Amino acid sequence: MTKVLSVGGSIVVPEKPDTEFLGKFILMVKDWLKEDESRKLILVVGGGAPARVYQNAYAEVSKVAGGSSASDAADWIGIMATRLNAQLVKASFGDLCQNDVVYDPTAPIEFKGRVLLAAGWHPGFSTDNDAVLLAEKHGAKTVVNLSNIEKVYTDDPRKNPDAKPIDQISWADFRKMVGDDWTPGKNCPFDPIASKKADECGMTVICAGGKNIPNIRAILDDKDFVGTKIGG
């Protein structure tokens, strides 16, 4: 049984690596794996603060140098940040994670060990899409998206006090909210490109808060949880 988590970079590296969270998260995963030898976990890690810092720096340098920043170049900078973050998490799992960090989710993979780490692939979408592609490859029908929000809202609650949390939403309605286009650093509950792919594959996506470790464990155990279910 393989579960797939898309872990937002803001959870792993909000400003600097959150070592306290990572330690507790890894202990929880080890405990979950220990209960059933058939369990495996795929973790896809986002860019977080390093991606934002370097993408902003690129835009500023381009402006000073008299050029214009290119979308693909900004995306590649974000991708490199995801790879650094994924390498940190892989190393922290030790012998449980025997594969190299996966960059191309469509390439043949012999899943060794119990944990597989993946990072950004190429411009055009976020690591959410990599998670969907890996879920499809390994027969997982659900992707758990962990970020700094507990639920999807009808609007941005930081800007609209009337925004309401959503417990469950169809792919059709969710995709109306997020649109169909991806831009580097786009802030939305789940990448529009990944949403289209997950919809086509008939997958369910669960969006939940990434810092609530007991809640993540409940999701892994298929128990009641706090979050938003998309599709299904």
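None of the values given here were measured: they were computed from a predicted structure.
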Practice task
Answer yes or no: does atom CD of Q98 have more than 12 heavy-atom neighbours from other residues, nucleotides or ligands under 6.0 Å?
Solution key: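 Yes - once you tally the heavy atoms of other residues, nucleotides and ligands closer than 6.0 Å, there are more than 12.
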Handout entry: Test side chain to side chain contact (heavy atoms under 4.5 Å, CB included) applied to P50 - qualifying residues, sequence neighbours left out
Key = V13, A81, N85
Practice task
Under the side chain to side chain contact (heavy atoms under 4.5 Å, CB included) rule, collect the residues that match up with D167, sequence neighbours excluded.
Solution key: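 Residues passing side chain to side chain contact (heavy atoms under 4.5 Å, CB included) with D167: K151.
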Exercise for the section: Name all pairs fulfilling the salt bridge (Lys or Arg N to Asp or Glu O under 4.0 Å) condition that reach into residues 134-148, sequence neighbours left out, sorted by first residue then second. Expected result: E136-K197
Handout entry: Pairwise salt bridge (Lys or Arg N to Asp or Glu O under 4.0 Å) hits with a residue in residues 82-97, at least two apart
Key =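 Pairs touching residues 82-97 that pass the test: none.
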Problem - Side-chain heavy-atom pair V178, F190 within 4.5 angstrom cut-off - result: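 No; the side chains remain at least 4.5 Å from each other.
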Practice task
Report yes or no: is the cationic atom of K164 (NZ for Lys, CZ for Arg) closer than 6.0 Å to the six-membered ring centre of Y153, at no more than 45° off its axis?
Solution key: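 No - K164 does not lie over the ring of Y153 by the 6.0 Å and 45° rule.
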Practice task
Quick one: which residue pairs count as a side-chain hydrogen bond (donor to acceptor under 3.5 Å, both in side chains) with a foot in residues 202-227, not counting sequence neighbours?
Solution key: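 Listed once each, the pairs are K3-D222, D18-K211, D31-R217, W32-D221, E35-R217, R217-D221.
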Exercise for the section: Report the hydrophobic cluster partners of M80, with the cluster defined as I, L, V, M, F, W, Y residues connected by side-chain heavy atoms closer than 4.5 angstrom, directly or transitively. Expected result: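 M80 shares its hydrophobic cluster with W76, I79.
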Problem - Member of L117, L96, L220 meeting the side chain to side chain contact (heavy atoms under 4.5 Å, CB included) criterion with L41 - result: L220
Problem - Joint hydrophobic cluster, I42 plus V45, side-chain heavy atoms closer than 4.5 Å - result: no
Exercise for the section: Take the angle between the ring planes of H138 and F111 and call it parallel below 30°, perpendicular above 60°, tilted in between. Expected result: perpendicular
